[in-house]
Amino acid sequence: RSAYAGQQRDASAVWSGDTRSDWKTLHAQITSGLNMSFSGIPYWTCDIGGFFSHGNYPRGVLDPAFQELYVRWLEFGTFCPIMRSHGTDTPREIFAFGKKGDWAFDAIAKFINLRYRLMPYIYSTAWKVTSQASTIMRPLVMDFPKDKKVNNLTGEYLFGRSFLVCPVTQPCYTRQVTKDSTVTDFGELKTWNVYLPRGTGWYDFWTGVQLPGGQQITRKVPIDIMPLYVRAGAVVPMGPFEQYTGQKADSVLYIRIYPGADGDYTLYEDENDNDDYEKGIYATITFSWNDKSHTLVIGNRKGRFPGMLDKRTFHIVLVGKSHGSGIGIDPDPDKIVRYDGSTRTIRF
């Protein structure tokens with residue numbers, strides 16, 4: 001009921017079934033999704049928080065232990081092909097986790113906002129699934145076949161070709177004494193082990209700090225931080241803060257460039273709400289970064305679709321320490337480019 005042999009032919013979304021709410025199951029979702037991706041099924045997802053919560057957390061959302069599990073699961077779910085909160089036994093809406101200023105509420109809001117800001121990247125990555133038989137959730141061996149240390153890693157993966165995702169899959173700040181009693185302690189900031197694949201440099205998404213690949217590192221993981229890294233050479237388009245998809249016209253897009261290697265990215269856009277792309281009704285814009293010359297070439301727009309914005313503004317940031325990092329919109333972009341569909345060359 002959640003998938004079957006031959007599913008690859010139908011291009012439909014699948015999920016991991018009615019899972020239990022526990023940490024072991026959360027960790028298992030990573031390999032489940034990667035194996036599905038390896039099998040040619042790119043649109044996989046899972047029930048954020050687990051489907052059945054009552055067995056381990058009879059108090060449900062009122063139990064801080066369930067709240068921590070749900071927050072970490074949602075952080076992982078932000079970097080699944082489909083972000084889907086679903087389950088029984090207890091509410092899952094963000095307002096059920098408190099209010100602004102409460103740790104669970106704030107962490108959930110942060111990652112929902114991040115998902116929306118990354119929508120141009122996610123949508124364009126989905127286009128590569130359609131046009132290039134690519135996939136969204138990528139086992140590290142697909143992109144780093146020469147690095148033997150990634151062969152059996154079960155806790156990390158690429159989201160698209162740019163983001164290294166390292167979900168936290170153990171409790172750090174709560175301890176369930178009994179099913180009716182939980183101890184919460186944020187007094188000590190916990191850490192998580194991360195392996196950065198060799199062959200490229202990596203940027204900490206949250207700080208902009210660059211690190212060399214081919215090393216094991218330890219990352220501090222407050223409740224609202226999941227280790228997240230971006231490979232050198234990545235060009236990442238980001239949108240505005242939104243409450244729902246398409247709320248704001250993307251007349252301004254925010255382009256983050258992660259120096260240290262050459263890179264490119266193709267921004268894909270269409271009408272968002274129909275299948276006209278199958279008739280060739282869509283548009284693409286290619287961004288190409290030359291690291292040696294510190295030059296970005298924005299290519300000619302190819303294609304058209306009804307409602308397309310003829311003129312755009314790109315806020316371009318060369319990411320560095322505390323510059324172009326985190327979920328916020330950088331108030332001081334390195335370049336502001338007015339784009340009318342014709343090739344632009346920008347030197348930094």
Side-chain angles (χ1 to χ4, degrees), residues 1-53 69-88 92 108 111-112 114-145 150-169 197 226-229 236 245 268 272 275 277:
R1 106 182 228 271
S2 51
Y4 50 85
Q7 184 93 28
Q8 297 91 336
R9 295 181 301 231
D10 298 320
S12 55
V14 301
W15 92 112
S16 58
D18 294 345
T19 51
R20 288 174 58 85
S21 300
D22 60 59
W23 293 92
K24 182 179 179 181
T25 301
L26 168 56
H27 184 84
Q29 299 311 294
I30 302 172
T31 49
S32 175
L34 294 177
N35 285 331
M36 278 291 198
S37 185
F38 251 152
S39 300
I41 300 175
Y43 291 108
W44 172 92
T45 187
C46 59
D47 293 343
I48 291 175
F51 184 77
F52 292 111
S53 64
L69 174 68
Y70 183 87
V71 165
R72 293 304 193 187
W73 208 315
L74 184 132
E75 291 173 359
F76 161 64
T78 301
F79 290 89
C80 285
I82 299 168
M83 186 182 184
R84 176 176 181 264
S85 179
H86 177 68
T88 189
R92 310 298 173 106
I108 293 168
F111 276 81
I112 291 174
L114 177 57
R115 179 77 178 198
Y116 276 108
R117 288 221 62 208
L118 287 175
M119 199 59 69
Y121 173 83
I122 296 168
Y123 204 59
S124 299
T125 300
W127 168 242
K128 292 182 180 179
V129 173
T130 299
S131 62
Q132 301 175 19
S134 186
T135 191
I136 300 172
M137 195 174 177
R138 303 175 64 84
L140 295 182
V141 292
M142 293 180 70
D143 293 79
F144 304 98
V150 309
N151 287 355
N152 296 309
L153 280 181
T154 61
E156 302 179 19
Y157 62 96
L158 288 183
F159 186 71
R161 294 182 182 270
S162 298
F163 285 91
L164 177 68
V165 182
C166 313
V168 177
T169 55
M226 176 183 67
L228 186 63
Y229 295 85
V236 177
T245 304
Y268 169 86
N272 295 321
D275 296 329
Y277 69 91

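Every value quoted in this text rests on a predicted model; they were computed, and no experiment measured them.
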Does [X] reach the side chain of [Y], with side-chain heavy atoms less than 4.5 Å apart?
X    : Y    : result
F163 : V236 : yes
D10  : Y4   : yes
R72  : T169 : no
I136 : Y43  : yes
F111 : M226 : yes
T19  : Q29  : yes

Compare every heavy atom of [Y] with every heavy atom of [X], then report the nearest pair and how far apart it is.
X    : Y    : answer
W15  : D47  : CD1-OD1, 3.5 Å
A3   : M36  : CB-CE, 3.7 Å
P139 : L34  : N-CD2, 3.6 Å
Y116 : P120 : O-CD, 4.4 Å
S2   : V14  : O-CB, 3.1 Å
V168 : W23  : O-CZ3, 4.0 Å

### Task
Tell me, with the steps shown, if V165 and M137 meet side-chain contact (heavy atoms from CB on, under 4.5 Å).
CA-CA 10 Å; V165 182; M137 195 174 177; over 6 Å; no
### Message
Quick check on side chain to side chain donor-acceptor pair (under 3.5 Å): which of S21, S53, S85 does Y70 satisfy it with?
### Response
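The passing option is S85.
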#### Entry: Crowding at CG, N152 (>12 non-hydrogen neighbours, <6.0 Å)
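Open: at most 12 neighbouring heavy atoms sit under 6.0 Å from CG of N152.
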### Pair L164-L228, side-chain contact (heavy atoms from CB on, under 4.5 Å): steps then yes or no
CA-CA 6 Å; L164 177 68; L228 186 63; over 6 Å; no
Mind checking whether [X] and [Y] have parallel, tilted or perpendicular rings, split at 30° and 60°?
X    : Y    : value
F79  : F159 : perpendicular
Y123 : Y268 : tilted
Y277 : W127 : perpendicular

### Query
Just checking, is any N or O donor in the side chain of S37 or T135 under 3.5 Å from an acceptor N or O on the other one?
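Their side chains do contain a donor-acceptor pair, which is all the 3.5 Å distance test asks for.
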### Query
Do the side-chain N and O atoms of Q7 and S12 include a donor-acceptor pair separated by under 3.5 angstrom?
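The criterion, which ignores hydrogens and geometry beyond distance, is satisfied for S12 and Q7.
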